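Fair warning: this is a prediction, and the values are worked out from it, not measured in the lab.
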Amino acid sequence: MFTKILIANRGEIACRVMQTARRMGVATVAVYSDADAAAKHVAMADEAVHIGPAPARESYLVAEKIIEAAKTTGAQAIHPGYGFLSENPDFVEAVEAVGLTFIGPSADAIRKMGLKDAAKRLMEQADVPVVPGYHGDEQDPSFLASEAEKIGFPVLIKASAGGGGKGMRLVEDVAKFDDALASAQREAEAAFGDKKVLVEKFITSPRHVEIQVFGDGDKAIHLFERDCSLQRRHQKVIEEAPAPGMTEEVRNAMGAAAVRAAESIGYKGAGTVEFIVDGSNGLRPDAFWFMEMNTRLQVEHPVTEEVTGVDLVEWQLRVAAGAPLPVRQEDLTINGHAFEARIYAEDAAKKFMPQTGPLEHLMFPKAGVRIDAGVRPGDRITPFYDPMIAKVTVHGADRNEALGKLRAALAATEVAGTMTNVAFLSALATHDGFSKGDVDTGLIDRDLAKLTDKPETPMAATALAALAALDLLKPRDPQSPWDNTDGWRLWGSAKQGVFLNQGADVVHAEVTTLSANRFGITVADTEGTLTVERTETGYAVDDGTHRAQASVVQHGPKVTVFTNGFAHGFTIPDVLAVAAEESSGGNSVVASMTGLIKAVQTEPGAKVSAGDVLILMEAMKMEHTLTAPRDGVVADVSAKSGDQVEEGAVLIVLEDQGG
């Protein structure tokens, strides 16, 4: 066994690998970019090596820096995690060329599965069912159109070198084929540097079911299936094992096909064979087809670990060190049911746009739930990497029990400081179709509006935010007269007012303190009386007819109230700051979000008119313009091209209106 390994990755997968390595007595080396100098995976490792600037192409994707870090620290092997260089055969060869071990498959196996068309031809030879289609080299548009007609519409055009939905187009009839082909080829070339495509039959009720395989370079076994049909933008959201509606006949057929696929390329380590399944009439042994093979550990591997009791990372380390397969196929069984939900910093209602910001508050259920996270409270989600916050995995005796645990776990998950998809996941976990196991890859798109519909903020949530803003929720010293909050006054009960911003809305609340934990509340002409009692997890709020659990987090001028699985965010306006801004006459240009300054198009002394573009910013892979708020003269420019700036930073100041 190795005594020291380097993890060529970051975030939750780096932390995950370190957990197993530590249990096995194997020392770990982390690598990190400028953006990750204080990251969780760096703190967890025995050693850490800086490898460059924040952009991945200058750090985590630079093979030479990673290999040099391994050699310098005396690591004997490199674990690639997933993403970055994990499926790069050139990296594997470079690692092995200097005498290090790559914890994963051979470069040859990765290459054979790297291009979809070549992989599917190989699978046909291995007697693995492949979706009817054309996977050859001929790319003439008229030829591809004729092949599409032979296959029968609808068809799917897919980039041969692609993934993540790029270079993919659904075509319903031949009249639309040429335009769709040209569009797919342009996108494929831009994304992968290769415009080659394949054409396949489109499955009208598709499910995404994958088989976890593990090989030692000679023989392979499978660890059953995962259903990954719940997807947005062709990316997985919630995964489960076993697949709903799976029969032993179909499981055995899919498992055997996946093992044939792995053994046909001499696969070593953990991998996943992905199948598209026709779910229109239940799962059938003649209605699944090979899509692709992921030659690495998958993001969703925890659900397999939960139902099999296997530590896949431990297996990876042992087999890479020369051990044979740990078990025989007949030794493996499925125990219960598991779900994994991926928590991201993203705005589900705006096409899942990634978000950035600090994790001012981060809390997960403490019992009965597996949390894989690469961040801690106080860390920041940056625009440089995937915005995953954590994976929440639950296990139950059966699907219903596991689903109940998933709902409870999501309801108890609290994140403040950046927008997340937790409410979306909670809505998905209670979706009627999903609850019944009636899933397919189009479910989220069909019901997206309903799944992202945010309910009205309950009065109790606004009331708790008002109490927090007025400093009425903090624990008090009952012996101190200065801490007394029972509301007694010579002239009557104390009444206080507060303004709260919720998005673009301004809410005014009036609070009358009736006793130490009873308050009269008026919000937008609605009056009520609340009893607020502190509990172990937050507060119990009783309005006389309904008692609900909630928690409140105050972070700077912001207050977040968590209730019924939703996070309701409020901002306490700074009266002095508002007054100062109003008196300034709009003299400042500030960063609307965290991002990169691409260009500054003005300088001190320049005359500008209202609406003139002064700065070009890039944030979340999109370009944004910052304009002059009024006519005037530029007094100061505090940003330059290439600067990374925080949301709210003052970038340009105009001379005072009276100057």
Side-chain angles (χ1 to χ4, degrees), residues 55-57 61 63 82-93 107-125 130-203 206 208 231-236 265 274-276 289-296 351-352 386 441 445 618 620-623:
R57 64 182 178 275
L61 288 172
Y82 54 73
F84 293 139
L85 295 169
S86 63
E87 295 180 279
N88 185 318
D90 295 336
F91 178 59
V92 178
E93 290 174 341
D108 180 63
I110 294 174
R111 283 198 177 96
K112 284 178 176 176
M113 288 298 182
L115 293 174
K116 289 186 175 67
D117 52 353
K120 290 183 178 181
R121 289 195 295 269
L122 186 62
M123 290 301 97
E124 287 175 327
Q125 296 170 13
V130 174
V131 178
Y134 177 73
H135 308 126
D137 294 326
E138 176 61 59
Q139 295 290 295
D140 179 73
S142 60
F143 174 80
L144 291 176
S146 67
E147 288 297 308
E149 290 194 86
K150 291 179 186 176
I151 296 164
F153 290 92
V155 299
L156 200 60
I157 301 172
K158 299 168 70 174
S160 293
K166 294 183 175 66
M168 184 181 295
R169 296 292 185 274
L170 172 63
V171 189
E172 303 283 354
D173 60 67
V174 67
K176 300 177 181 177
F177 185 85
D178 287 347
D179 288 344
L181 173 63
S183 176
Q185 288 176 327
R186 285 194 302 271
E187 191 169 90
E189 188 167 31
F192 312 114
D194 184 349
K195 68 177 184 178
K196 189 177 177 183
V197 299
L198 51 87
V199 183
E200 291 182 341
K201 178 69 177 175
F202 178 72
I203 310 302
H208 181 139
Q231 302 180 7
R232 88 290 192 261
R233 298 198 317 252
H234 302 286
Q235 295 178 338
K236 303 163 189 174
I265 59 171
E274 301 192 352
F275 294 100
I276 189 168
W289 302 276
F290 174 86
M291 281 200 303
E292 62 184 356
M293 183 175 184
N294 288 295
T295 52
R296 54 171 168 78
K351 298 182 179 179
F352 301 95
D386 183 88
T441 58
D445 285 341
E618 182 183 275
M620 308 312 296
K621 301 180 181 178
M622 298 178 65
E623 190 171 88

Less than 4.5 Å apart, any side-chain heavy atom of [X] and any of [Y]?
X: F177; Y: P141; result: no
X: H135; Y: E147; result: no
X: Q185; Y: I157; result: no
X: F275; Y: F290; result: yes
X: V171; Y: F202; result: no
X: R169; Y: E187; result: yes

Could you grab the distance from atom [atom1] of [X] to atom [atom2] of [Y], nearest 0.5 Å is fine?
X: L122; Y: L115; atom1: CG; atom2: CG; value: 12.0 Å
X: L170; Y: K158; atom1: CG; atom2: NZ; value: 12.0 Å
X: E274; Y: K236; atom1: CD; atom2: NZ; value: 4.0 Å
X: I265; Y: K112; atom1: CD1; atom2: NZ; value: 7.5 Å
X: E149; Y: L144; atom1: CD; atom2: CG; value: 12.0 Å

Does the side chain of Q231 come under 3.5 Å of the side chain of T441 through a donor N or O and an acceptor N or O?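 No donor-acceptor contact under 3.5 Å links the two side chains.
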Taking all non-hydrogen atoms of both residues, which atom of [X] and which atom of [Y] are closest, and how far apart?
X: V92; Y: A107; value: CG1-N, 3.8 Å
X: A148; Y: V199; value: CB-CG1, 4.1 Å
X: Y134; Y: L198; value: O-CB, 3.4 Å
X: I110; Y: E87; value: CG2-O, 3.3 Å
X: A119; Y: M113; value: CB-SD, 3.8 Å
X: F91; Y: A63; value: CD1-CB, 3.5 Å

Apply the test salt bridge (charged side-chain N to carboxylate O under 4.0 Å, His left out) to residues E93 and R111: give CA-CA distance (whole Å), side-chain angles for both, the deciding distance (0.1 Å), then the verdict. CA-CA 11 Å; E93 290 174 341; R111 283 198 177 96; 2.8 Å; yes
Looking at [Y], is its backbone amide N or carbonyl O close enough to the side chain of [X] to form a donor-acceptor pair, meaning the two atoms are under 3.5 Å apart?
X: N294; Y: R296; result: no
X: Q139; Y: V197; result: yes
X: K201; Y: V131; result: no

Derivation and outcome, salt bridge (charged side-chain N to carboxylate O under 4.0 Å, His left out), residues E124 and R121: CA-CA 5 Å; E124 287 175 327; R121 289 195 295 269; over 6 Å; no
